[in-house]
Structures are given as C-alpha cells and as structure tokens.
Amino acid sequence: MADIQKISEMARPKPPIGPAPYLQGLNPEQCEAVEALDGPVLVLAGAGTGKTRVLTTRLAHILNQGRAQPWEILCVTFTNKAAREMRNRVGSIIGDTVERLQWLGTFHSISAQILRRHAELVGLKSAFTILDTDDQLRLLKQVIAAENIDEKRWTARHLANLIDNWKNRGLGPDKVTEQDGWSFANGKGAKLYGVYQERLKALNACDFGDLLLHTLAIFLKHEDVLSEYHRRFRYLLVDEYQDTNVAQYLWLRLLARGSANLCVVGDDDQSIYGWRGAEVDNILRFEKDFPGAKVVRLERNYRSTEHILGAASGLIAANTSRLGKTLWTGDSGGEKVQVRGVWDGEAEARAACEEIENWHSKDNAYADCSVLVRASWQMRAFEERFIALGLPYRVVGGPRFFERAEIRDAHAYLRAVRSNADDLAFERIINVPKRGIGATSVQKLQTAARNMNVPLAEAVRHILATDEIGGKARTGLRTLVGDIDRWREIAKSLPHGELAEIILDESGYTAMWRDDKNPQAQGRLDNLKELIQAMGAFDTLEGYLEHVSLVSELDVERRDDDQISLMTLHAAKGLEFPMVILPGWEESVFPSQRSLDEGGKASLEEERRLAYVGLTRARQQAIIYFAANRQIYGRWQAVLPSRFVDELPPDHVEARADTGYYNQAGQHGQSGAAGNSVEETVSQFDDGRSTYASPGWKRFQAKKAAVKTIEGTARRVSANKESSNGLKHGMRIFHQKFGYGRIEILDGDKLTVAFEKAGNKKVMAGFVEKA
DNA sequence: TTCTTCACGCTTTTT
DNA sequence: GCGTGAAGAA
C-alpha cells in the first residue's frame, strides 16, 4: 500500500487556506468545539444545541485549515439519513470537495467498504453478500433444525437476538463461552453460533453484525492493515457517540490509535438504544479512555421555550448515571407543558386532534405538529381519528420499503439470476409463485446439494437428470432453471431495470399479485413498480444490490405535503416540531413494563431519557396525555399516570383532567367546557376507593356497566365547572363504550342517559384533576 | 401439496 | 384481538 503512504506524505500539513467565514454565528462553546483540532475531544451536545452544525463546521474547518485531505477524514454516523444530511450540509460550506469525502458514512457502510478490500483475511470473497434479517432467520432455522433442537421451544428469532448481542459486544464464536450460550437450548447456543458462522462463510455471506466484527478481527490480527488505516485517517469524527455499542467502540479505539484527533459528539441524556447494544458507558467513560481529552459542553439551546426546557431538564434530573448539563435558552416565556388526563385511548386521540385542529386554525401548518408514541400499536387510534376527521398525516418509520415481502422476493429473483451460488435467494423464490415444489422437494434438494457440496441451484440440475423428483415439482423446477438461464443470458445486454421487469413478468410473480383478491395486492404491485423505477438510479445491478443491503428506505423524501407526523419516540430523535403531542404517559405503557422487567433501573433510566427526547423535540408547545383505561391486546386495563408525569417540575407544567363530552359526530360538544364527563355520569363512581399509587392524581373506580339505560349522579371532575354545564335534555351524546346515547332526564346534578346500542365493555376508572 | 385449524405471543429498530 | 406459524386433514 505504498500509494497510500505517498498520498499521505503529499498531504502533510499545509498552511491555512483562508479565512473562516463559516465560523460566524457560532457561539463561543460551538467555536471551541470546532477549533479544538489537536487531541481527543468530547462534545457534550444537549438537545437542540446545534450539534450537527458543530460537526459539519468542524469538518469544513479541518479541510480549510489544510489539516487533512478529504479522504483522510473518517466521519461516522449511525444512520444513512444522518450521513446524507451531513454530506449535504458540509457540501453547502465547502462545495464540490464534498464528493471526495469517501469515508463519510455509517459504521456499517464504512466497514463494508473496508471489508471488501480485505475479505480474504477472514475467509470471504470480496463479492460477499450482505444478508438481511429475513435471510438470517431462514439460515438460523436450518442450523437449528440440523442440530435436532425443538424449534418451538428455541426459536430462530431467539437465537438471532442472542447472536446479535454477542456481535454487538464484539464477541466471535471463539470468545463465547458455554456459560454465555447456556441461555439457549441448554448450552448449545455457543455451538450453534459457530455453525451459523461456518454456514455464512460457505455462502460467502455476512450479516450486519459481521461487517463490524470481521473488520474488527482484521484490525486485531493484521497489524499491517490496521496501520495502513492509521496512516490514512488523520481525523476521526463520530456522531451520536452515546449510541455506540462495544464492537463499535473497539473498532473506533483501534482506529484512533493512529491519530489523537478523535472527536466524538453525543448526549448521554439521549441514549435510547440500550436494547440493541448501545452502551451509555462509552460516553461516560470517554475522558478515562482518552486521557487529556478536551470536554466541551454545548448548553445553549436554540430550539425550545423556557417551559419546555425546564420540564425536560427537571425530568431528566431524576436519572443518576449521567454527566450532567444545564441547558438554557434565551427564549423566555412560552406556554407551559400541558398534562391532560383522559378516559381512554380513543378519548386521547379525539382530544389530541382537537388540539391540533385548534392549532391549525391559528394559522399554523399541520406539518408543524407531531404525535410521538412509545409503541407503534398506539398509532392505530390516532390514524383512525385522523381519517375520520380528514386530517392529513403521515407515519414516519413504520414498515420499511425494502423489508416488504414483495420487494424481498423481487430482490431474491435478481440475486438468484446474478449468482448461481446465492442459496438463500434461490430458496426464497423456488416456490413463489407456486410451482408445486413443496417442503419435501426442497428437503431433497438441500440434502443433494450438501452431499455434492454444490449450490442449491446446481443441485437442481443434477436432480433433474435423475428421476428422484417427479410430477408437478419436476416440471416446476425445469421451467424455473430454464427461465433463470434465459434471464442470465439477456442480463448481459439489457439494462437492469428492464431485466427486473421481464423477470417479474415471466416468472409469473406479477401475475400472482394481480390475481390476488386481497385489497393490499394492488399496493404490492405499486411497490414493485416503484422498485423498478428506483433501480434506474444505479449504473449496475451490483451497485443497486449493495445499496439496498445497507439501506432500509428509498431515498425519496416526501416532505412537501402539509401533514401531521405520527411516529415512535425512537423515530423522532434528531427531529423537531413546533407542536408535539405525547400520548400514553401511563405506567406500564411508558415506561414500558416489559422494558422494566428486563432491565430494571437501567431500563427505567433509558425510558426516562426517551421521555426527555420526546419533550425536547418541541419548540413551542408540548401536550402530554395519560388515560385511565387502556385496551392492550384487546383487553381493557385500568392504568395509572406515568411516574414521569409526577416527576415533571410543577413550575413548568399545567395539569388537568380532561373530561369533555361529545356529540354524535364524535366532536367536542362545548368548547372548553370541562364539565362532568358522560363517563362519570353514567358509571356511578365511588370516589377514592381504588388502589392508588400516583401522588397527586386521584383515581376513582367504576362498576361494571352493561346496561341500556344508565343512571347516575353527576360528579364534578373539574373543580372550576358546574357539573351539568352544557348538557341539555334530549342532547345526543357519544360514549366510547356505549355508542350514541340521548339524555333523558336532566335534573340538577342527576341525569339519565339512554343508549341506542348497549355496550358490554367493562368501564373501569377515571381520574380527577391533580390537587 | 395445499387447505384448515388452533395455539401462542405480542416494544422500541438501524444497519 | 389478531396475525403468524406449525400441525393435522383433504
């Protein structure tokens, strides 16, 4: 690698190139972070403190000062999106030079780049395929089946998680002890891991974890390769350092040995990926790991109002393992964070939509609103409500384009045509569409392939020469093999987009969906069309397949429409919105019970960080909701307000139990009339008799109500409103459990409601306002 | 080989 | 409460 040496020599420090106009407008801390070019730097960047700006400016500054050439800077992010944004923003400062930043990318894409150059050092060929989760699971299933393990008791998914965890921790099969593997199939875990790795090698394939792990192994075993990269990378920049796992940490440490110029940027309070191996500890330990490191704290927040920041800071202060920051803003005032208790998930969606409509009517855009949920099942109620009211919305994240079955099938066809040895792809399409090739035939083929030590597609040819497989399966296989040969032939002369179209048509794959009566079949066909279009952006089929194996979304971002954003809290990281709705702040939902069961205190702190991330997305207004009753997996459950609600500092919060009533269209009856709610009226609450854990919020329990006419005593829920305010005789009202009803008798505080349709759901509990 | 029925388990998710 | 996935039935 003499070339690289030469290039490095040529690039010895040059005098600064020119003035630095890009530094203008940065605050002193930001400048410090940009200009500290010697030695390790930790930039602790709180939410909304201009983290990306610092990172991009620093990169531009390094180039402008002549400290390094573009190809001598390693800049790592976690997501493709972050890498893309970085590239764009650096480009806007330094122009075309940005094209030469070839080491700006995700941990995985950079690792893939390195690994393709040295694949043979870990027993792979440079053209190795990168498996997706689907392929990985299919392979693991085979491995488990081959070891005669009860697949129901020990699932492939379970093993996949285990292996992922090991890989996240940088452990190869040789490093995993039997003890570690004990949690799977009575100690067989470690062995299965080894078998799986062997199979991968035989297939010339990698899973995501391997990209890092193999690179790591190369760095550790081949000092010469490592020092080649040491010479190359003069500057290292890492985004979202708090999300690095052990493997990534080791990877970085090894590379950083070559240059002290490692700069990591992150926020310990926003570490929310512990469940997939991220170690907050990495950032907490940085000063110890890299002695003499300069620590720069960015604490000036440019995003949120005083109240939002105050609420978020107060909440996160309850965490113990953190470095600690004091965010401040010049933006005083603004609205307090609203906290509302509602009846159930539907009431929550109704109330939130009302809030959004209200916001929209004040000349604000829908696109400025977002609803951030803890778990994706919470989205359903909101989607239903958005559709009912005709509000424009989009779900961010959600099912990924390249993970859809039809897209994976199409890719499998392309992979099978491209390479005869891609067993997993071949296996996937062998009976899709149905060709009469069932499990038994596939079994026979696999045995044959293993015995002859050839790929599956090759085994098919051998078997067709015998009469081991007959009937429908035989004809099916013969056509498939013939088709693949023909496609392989025309692939030489045809652009890959057209090739894909031909393959999908001739294989009968498109026809399969066209004949499907399922309403979503049309959507699948549309996706296939989109796929063919997307392929056009790549010069070669190879290039396209490499791209999709490292990326989960199509690059097209549709931001132009004025839509409400609906997403999980995890998906919201890095985004901001003037108005943020935070539903489902209930114990067991948020913090998630399951998370607490698994990880105890550490998980609770991570959930709290998630709450912090949620609040700090808001620029102007944040509204938190919690319900009294929740339907989870079809079952009603009475729930308590989240402890996070109680942890919010009172000075920055305005709390009340929201108890509106609704007319037949399900719309709010009387605006602002937080009078007695229909729910309480009809269900005879017994005040304060329930088990009650949350300080401040008083819960009352209801009796089972499965009746047509319900009578009850109206109780005041909101202290400042008369009980029967706004309710009139004959008025049609809507009740979540009982459907539409009519007020029959209205006599002072007593009223009777007759429902047209009897409900049979158990009415559980409500809340009264915080005292 | 494909159709039918029952049991199970169910977060967050990038690469 | 619903979708998936594996085991029996046609």
Side-chain angles (χ1 to χ4, degrees), chain A residues 76-83 105-112 115 130-133 136-137 141 145 150-153 155-158 160-161 164 167-168 206-213 239-240 243-245 247-248 271-278 372-380 396-400 402-403 405 431 434-443 469-473 476 546-553 567-574 584 588-599 603 606-607 609-611 613-614 631-637 761:
Chain A
V76 236
T77 64
F78 273 84
T79 63
N80 289 298
K81 200 174 139 204
T106 63
F107 275 103
H108 290 86
S109 71
I110 289 171
S111 293
L115 193 56
I130 301 165
L131 299 192
D132 60 25
T133 345
Q136 193 190 8
L137 282 176
K141 247 181 214 170
D150 181 10
E151 252 186 89
K152 264 184 290 178
R153 177 107 185 69
T155 62
R157 180 161 290 288
H158 185 168
N161 280 335
D164 269 354
K167 290 188 174 172
N168 284 341
C206 263
D207 63 20
F208 284 120
D210 283 339
L211 292 174
L212 274 151
L213 208 57
D239 191 16
E240 307 275 18
D243 286 336
T244 46
N245 61 34
Q248 286 156 339
S271 168
I272 55 174
Y273 285 109
W275 50 273
R276 63 178 197 213
L372 310 181
V373 296
R374 170 70 241 263
S376 47
W377 56 261
Q378 293 173 266
M379 290 187 188
R380 213 196 58 197
V396 179
R400 321 241 140 213
F402 292 121
E403 276 162 32
N431 201 29
K434 298 227 153 58
R435 297 187 176 89
I437 306 161
T440 344
S441 310
V442 174
Q443 199 62 54
I469 291 177
K472 249 179 159 179
E546 170 83 3
H547 177 80
V548 299
S549 61
L550 289 170
V551 148
S552 59
E553 262 335 302
M567 65 187 104
T568 63
L569 286 159
H570 284 91
K573 189 153 111 173
S588 85
V589 174
F590 188 32
S592 143
Q593 189 56 50
R594 191 140 161 205
S595 168
L596 262 41
D597 289 346
E598 273 168 27
S603 288
E606 180 153 317
E607 296 281 314
R609 290 194 290 267
L610 204 48
V613 167
Q631 212 178 3
I632 302 172
Y633 302 137
R635 286 181 202 293
W636 283 100
Q637 226 179 290
K761 292 275 166 63

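Values in this document were obtained by computation on a predicted structure and should not be read as measured data.
Residue contacts for E403(A): at a heavy-atom cut-off of 4.0 Å it reaches a base atom on one of the strands shown.
Not a single side chain to side chain donor-acceptor pair (under 3.5 Å) links W377(A) to another residue, sequence neighbours left out. Scanning for side chain to side chain donor-acceptor pair (under 3.5 Å) contacts around D239(A) gives K51(A), with sequence neighbours left out. By the side chain to side chain donor-acceptor pair (under 3.5 Å) test, T568(A) pairs with no residue at all, sequence neighbours left out. Not a single side chain to side chain donor-acceptor pair (under 3.5 Å) links T79(A) to another residue, sequence neighbours left out. Residues meeting the salt bridge (Lys or Arg N to Asp or Glu O under 4.0 Å) test with R594(A), sequence neighbours left out: E598(A). Here E606(A) pairs with W275(A), R609(A) under the side chain to side chain contact (heavy atoms under 4.5 Å, CB included) rule; sequence neighbours left out. Among residues two or more places apart in sequence or in another chain, the salt bridge (Lys or Arg N to Asp or Glu O under 4.0 Å) test is passed with D164(A) by none.
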So which protein N/O to nucleotides 6-12 of chain B N/O distances come out below 3.5 Å?
unit_1	atom_1	unit_2	atom_2	d
dT11(B)	OP1	Y633(A)	OH	3.2
dT11(B)	O4	E598(A)	OE1	3.2
dT12(B)	OP1	S376(A)	N	2.7
dT12(B)	OP1	S376(A)	OG	2.4
dT12(B)	O4'	R374(A)	NH2	3.4
dT12(B)	O2	W275(A)	NE1	3.3
dT12(B)	O2	R374(A)	NH2	2.6

Heteroatom pairs (N/O) under 3.5 angstrom, protein to nucleotides 1-3 of chain B:
unit_1	atom_1	unit_2	atom_2	d
dT1(B)	OP1	G436(A)	O	3.2
dT1(B)	OP1	G438(A)	N	2.2
dT1(B)	OP1	S441(A)	OG	3.0
dT1(B)	OP2	T440(A)	OG1	2.7

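By the 30° and 60° cut-offs, the orientation of the rings of F208(A) relative to H108(A) is perpendicular.
Counting to the nearest Å, the P atom of dT15(B) and the NZ atom of K81(A) are 10 Å from each other.
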